[in-house]
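To start, the structure under review is shown below, and the notes come after it.
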Amino acid sequence: MPELPEVETMARDLAPLVEGATIADAWWDWEPVIRHPHPAAFARQVRGRRIERVGRRAKWLVLDLDDDAVLAIQVKMTGQLFVLPAGTVHDAHVHLRLTLDGGPVAGHGRTEGPRWLLFRDVRKFGRVGIYGRAADGTILGEGDEGQLFGAHGPEPLADDFTLRRFRERLRKRRGRLKTTLLDQSFIAGVGNIYADESLWRARLHPLRSADSLNPDQERRLYRAVRGVMNEAIERRGSSVDDYTAPEGGGQMQEHLDVYQRTGAPCRRCGRPIRRLELNARGTHFCSWCQRLPAVDRSATNVALVRSARRSARRGRSWSELGGPEPGS
Ligand SMILES: [Zn+2]
């Protein structure tokens, strides 16, 4: 599933292709892909609008339109975006098409005729929506109520996301380190791959209690998260599963230290990388480099049950808010 570096790469590829373009029309073949407002209103609201800027928040693409509107695209597991000349033959996994005026297309080409911005999504978990932007820049939720990203934590690469801020947030957490990193309300954009990579770099066990770190360990984790994210963006993300950006895939998958390297030698100590299941997802680590303190070892079973219950509760409250689902 695309995480912060993959969605950032998609945004950076998309920006030169669509910034300045005007949307002429919208087509879809599967209504649920349009999350807000209802499809007919969505089509009315995008028609004639100009795409001013392409950015990212958490694991969403955020396209600023004129008139303080925002086109938000949640790519989820298999969402892909392509910009091609209108009329290009595509497969049945394209569920939304926006017709744009002439301009650049993928692969450094250009067309004077209309273009298509295609949203292709094999697993069909991705969603798009039009939202409003408040005077202070905040993206509003459905029907201009609340905030679209109100349940999301800070961006780990933002300038104001300092070690001090990270520390303050971490010390309030009672869960396991891996579970905490994956919690989008703690920090936004970290998923399974980069949580495992960050913890290996910081030499911290995924099951360690988040509030048990000493200042040096907190600093290591802060630097590891930001370092891994920056490196992954430089390498255009990890091409695993269906991920590809508008101008092609990434190379980070060839530079991962633990993710999906179960049994392979640890690049630090040579011992085999281990895998355990945490919240029904694979967690990869080196049990030699990432030691679990005795106090956490004895509480492991209890905590695993507790964290499962917590995420079930969170799932309910998130859907009641009408905000993004957990892990999104
Ligand atoms: Zn090791």
Side-chain angles (χ1 to χ4, degrees), residues 1-6 156-157 163 166-167 169-171 173-183 186-187 189-241 243 250-304 306-308 327:
M1 175 157 168
E3 304 179 26
L4 184 157
E6 287 76 31
L157 297 180
L163 171 60
F166 178 72
R167 237 176 214 149
R169 298 180 73 80
L170 196 62
R171 288 176 185 179
R173 293 285 169 153
R174 297 288 174 270
R176 304 273 147 174
L177 276 181
K178 170 85 185 265
T179 313
T180 304
L181 288 177
L182 291 181
D183 183 344
F186 175 63
I187 47 174
V190 181
N192 212 34
I193 299 176
Y194 302 116
D196 285 2
E197 294 296 312
S198 301
L199 289 167
W200 181 84
R201 279 197 193 187
R203 286 176 278 126
L204 294 167
H205 196 286
L207 297 182
R208 180 104 187 242
S209 310
D211 61 354
S212 73
L213 274 51
N214 67 36
D216 177 55
Q217 292 166 333
E218 289 168 337
R219 186 183 307 112
R220 274 182 356 223
L221 183 57
Y222 170 79
R223 287 184 181 163
V225 169
R226 288 171 50 114
V228 165
M229 290 297 181
N230 274 322
E231 189 186 327
I233 290 171
E234 273 169 36
R235 298 188 193 278
R236 299 179 48 81
S238 298
S239 285
V240 294
D241 302 323
Y243 163 72
Q251 291 81 44
M252 187 64 182
Q253 71 281 1
E254 289 155 27
H255 301 269
L256 299 175
D257 290 311
V258 284
Y259 183 76
Q260 289 187 347
R261 289 192 68 241
T262 311
C266 170
R267 297 199 215 275
R268 240 180 343 233
C269 74
R271 290 173 177 81
I273 297 298
R274 307 251 186 129
R275 182 182 190 278
L276 62 80
E277 288 272 327
L278 181 63
N279 300 338
R281 302 167 88 175
T283 289
H284 311 80
F285 66 106
C286 172
S287 58
W288 180 261
C289 296
Q290 297 166 266
R291 301 290 184 89
L292 188 61
V295 58
D296 281 326
R297 219 172 300 151
S298 59
T300 294
N301 290 334
V302 182
L304 282 175
R306 254 201 244 122
S307 82

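Side-chain atoms are counted along with the backbone in the values below, which use heavy atoms only and exclude waters and symmetry mates. Atoms within a ligand are numbered from 1 in the order they appear, just like the ligands themselves. Count residues from 1 along the sequence.
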Rounded to the nearest 0.5 Å, how far does OG of S198 lie from CZ of R226? 12.0 Å
Please list, in chain and residue-number order, the protein N/O/S atoms closer than 2.8 Å to the Zn ion (ligand 1). C266 SG, C269 SG, C286 SG, C289 SG
Residue list, side chain to side chain contact (heavy atoms under 4.5 Å, CB included) with R267, at least two apart or on another chain: W200, D257, R261
What's the verdict on side chain to side chain contact (heavy atoms under 4.5 Å, CB included) for L256 and H284, showing C-alpha distance, side-chain angles and the deciding distance? CA-CA 11 Å; L256 299 175; H284 311 80; over 6 Å; no
Looking at every non-hydrogen atom in both residues, tell me the closest pair between G227 and R201 and how far apart they are. C-NH1, 3.7 Å
Is there a side chain to side chain contact (heavy atoms under 4.5 Å, CB included) between L221 and L199 once you walk through the steps? CA-CA 7 Å; L221 183 57; L199 289 167; 3.9 Å; yes
Closest non-hydrogen contact found for L177 with A210 is CD2-CA, 3.7 Å
